[in-house]
Number of protein chains: 2
Amino acid sequence: MEERIEKIKQQLQSQAYKLTHQREATVRVLLENEEDHLSAEDVFMLVKDKAPEIGLATVYRTLELLSELHVVEKINFGDGVARYDLRNDSTHHHHHHLICVQCGAMDEIMEDWLGPLEERVEEQFNFTVVDHRLDFQGICFRCNGKTNNPI
Amino acid sequence: MEERIEKIKQQLQSQAYKLTHQREATVRVLLENEEDHLSAEDVFMLVKDKAPEIGLATVYRTLELLSELHVVEKINFGDGVARYDLRNDSTHHHHHHLICVQCGAMDEIMEDWLGPLEERVEEQFNFTVVDHRLDFQGICFRCNGKTNNPI
DNA sequence: GTGATTGCAAAAACTTTGCAGATTG
DNA sequence: CAATCTGCAAAGTTTTTGCAATCAC
């Protein structure tokens with residue numbers, strides 16, 4: 001935990017970015033809520049516990065910066081809000097999403113199934129993959145359990 | 001072309017939705033620009049040629065409706081604008097995207113590579129897939145051609 | 001006819017920007 | 001110190017909503 005913060009700090013400093021209280025607090029919130037997909041507003045509310053003076057604009061600016069540094073990934077589920085995921089750089093590419101169209105739940109597949117497809121993209125299209133994203137929409141196991149659902 | 005319009009008309013009518021001039025014009029625009037990923041604003045501008053009196057709000061409402069009927073798919077490339085793709089229901093699931101992080105180009109893979117993965121999702125997670133989305137981000141063949149790119 | 005649908009304008013939701021003052025290295 | 005960074009408030013974007021008038025069936 002502390003070592004991950006240290007690493008991100010160094011990443012910032014190596015690019016001559018300053019390490020402000022607000023930035024550190026934001027990074028800590030992201031680390032503490034790694035499994036979630038926080039919106040800027042979510043992050044804002046959580047950061048306020050650690051740095052009550054912070055403004056929403058700063059949160060946006062920090063998330064944008066972390067995104068440029070590839071510390072977080074900005075993702076979008078189509079609900080009109082950007083969400084920010086910490087990049088797990090040990091695996092680099094991480095998980096996929098199962099989004100339930102019935103109850104709105106979002107589960108994750110914590111594996112990367114796309115290795116073979118990435119190779120195929122590189123060969124077939126001469127496209128150098130940097131990142132990917134895979135979401136499935138459908139009916140989750142909970143809703144499937146409740147009733148037979150003829151979409 | 002006309003037959004596809006006919007089909008969508010029936011789809012609307014079967015759910016007791018009325019077939020207004022504006023809705024038909026919107027559907028025509030979507031059919032005529034099937035390869036593009038139009039935003040609501042794009043659609044609005046194009047529809048105005050056919051139905052000058054239309055308002056932007058109606059375009060949004062129509063696209064939302066078509067989305068519910070699974071006639072179009074609402075997608076989001078993370079640029080803050082929702083885009084709408086006609087669903088090609090012969091294949092049901094259609095294409096994937098190659099988004100170039102260098103030049104911003106967006107190419108498409110006009111095949112569906114996810115059949116096997118969908119089966120896996122259904123079995124392993126008891127998740128009934130209705131739709132999916134797969135995007136790759138990276139360096140496209142054009143940018144790859146110009147220079148060796150160490151991301 | 002009657003309920004669904006529309007256009008308009010106003011509001012909402014999310015994000016970005018300008019600027020003076022505070023802070024970091 | 002100098003340049004970066006922040007908070008605030010204001011502005012920008014995109015999308016949604018309220019409502020009276022209109023339209024499709």
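Computed from a predicted structure; not experimentally measured. Note on naming: letters A, B, ... go to the chains in the order of the sequence lines (proteins, then strands), and numbering restarts at 1 for each one.
For E2(A), the side-chain hydrogen bond (donor to acceptor under 3.5 Å, both in side chains) partners at least two apart in sequence or on another chain are R28(A). Under the rule for a side-chain hydrogen bond (donor to acceptor under 3.5 Å, both in side chains), the partners of S39(A) that lie at least two apart in sequence or sit in another chain are D42(A).
No donor-acceptor contact under 3.5 angstrom links the side chains of Q137(B) and H132(A), judged on distance only. In summary, the side chains of H37(B) and E73(B) do not present any donor paired with an acceptor at a separation below 3.5 Å, with no hydrogens or angles considered.
In the region residues 44-61 of chain B, proximity to DNA chain C at under 4.0 angstrom, judged on heavy atoms, holds for E53(B), I54(B), G55(B), A57(B), T58(B), R61(B).
A donor-acceptor pair is defined here as one N or O able to donate and one able to accept, closer than 3.5 Å; no such pair exists between the side chain of D36(B) and the backbone of L38(B). R83(A) places no side-chain N or O within donor-acceptor distance of the main-chain N or O of K74(A), the cut-off being under 3.5 Å.
The existence of a salt bridge linking R4(B) and E34(B) is confirmed by a sub-4.0 Å separation between a basic side-chain nitrogen and an acidic carboxylate oxygen.
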- Task: Please test R142(B) against D107(B) for salt bridge (charged side-chain N to carboxylate O under 4.0 Å, His left out), starting from the C-alpha separation and ending with a verdict.
- Result: CA-CA 11 Å; R142(B) 286 168 292 262; D107(B) 300 307; 2.8 Å; yes
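When heavy atoms are screened at a 4.0 angstrom cut-off, A16(B) is found touching no nucleic acid atom at all. E41(A) comes within 4.0 angstrom of no nucleic acid atom, judged by non-hydrogen atoms across all strands.
At dA24(D), none of the side-chain N or O atoms of Q13(B) fall inside 4.0 Å of OP1 or OP2 (strictly under the cut-off). One finds a side-chain N or O of Q22(B) lying less than 4.0 angstrom from the OP1 or OP2 phosphate oxygen of dG7(C).
The V81(A) side chain lies nearest to dC14(C) when the options are dC14(C), dC5(D), dT16(C).
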Would you list the protein and nucleotides 20-24 of chain C atom pairs, both N or O, that sit under 3.5 Å from each other?
| from | atom 1 | to | atom 2 | distance (Å) |
| --- | --- | --- | --- | --- |
| dT24(C) | O2 | K18(A) | NZ | 2.7 |

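Between the axis at the start and the axis at the end of the helix from dG1(C)-dC25(D) to dG25(C)-dC1(D) there is an angle of 40°, using five pairs per end and rounding to 10 degrees.
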List the atom pairs, with distances to 0.1 Å, where a side-chain N or O of residues 47-67 of chain A and a protein N or O form a donor-acceptor pair under 3.5 Å, not counting sequence neighbours.
| from | atom 1 | to | atom 2 | distance (Å) |
| --- | --- | --- | --- | --- |
| K50(A) | NZ | E32(A) | OE1 | 3.1 |
| K50(A) | NZ | E32(A) | OE2 | 3.2 |
| T62(A) | OG1 | T58(A) | O | 2.8 |

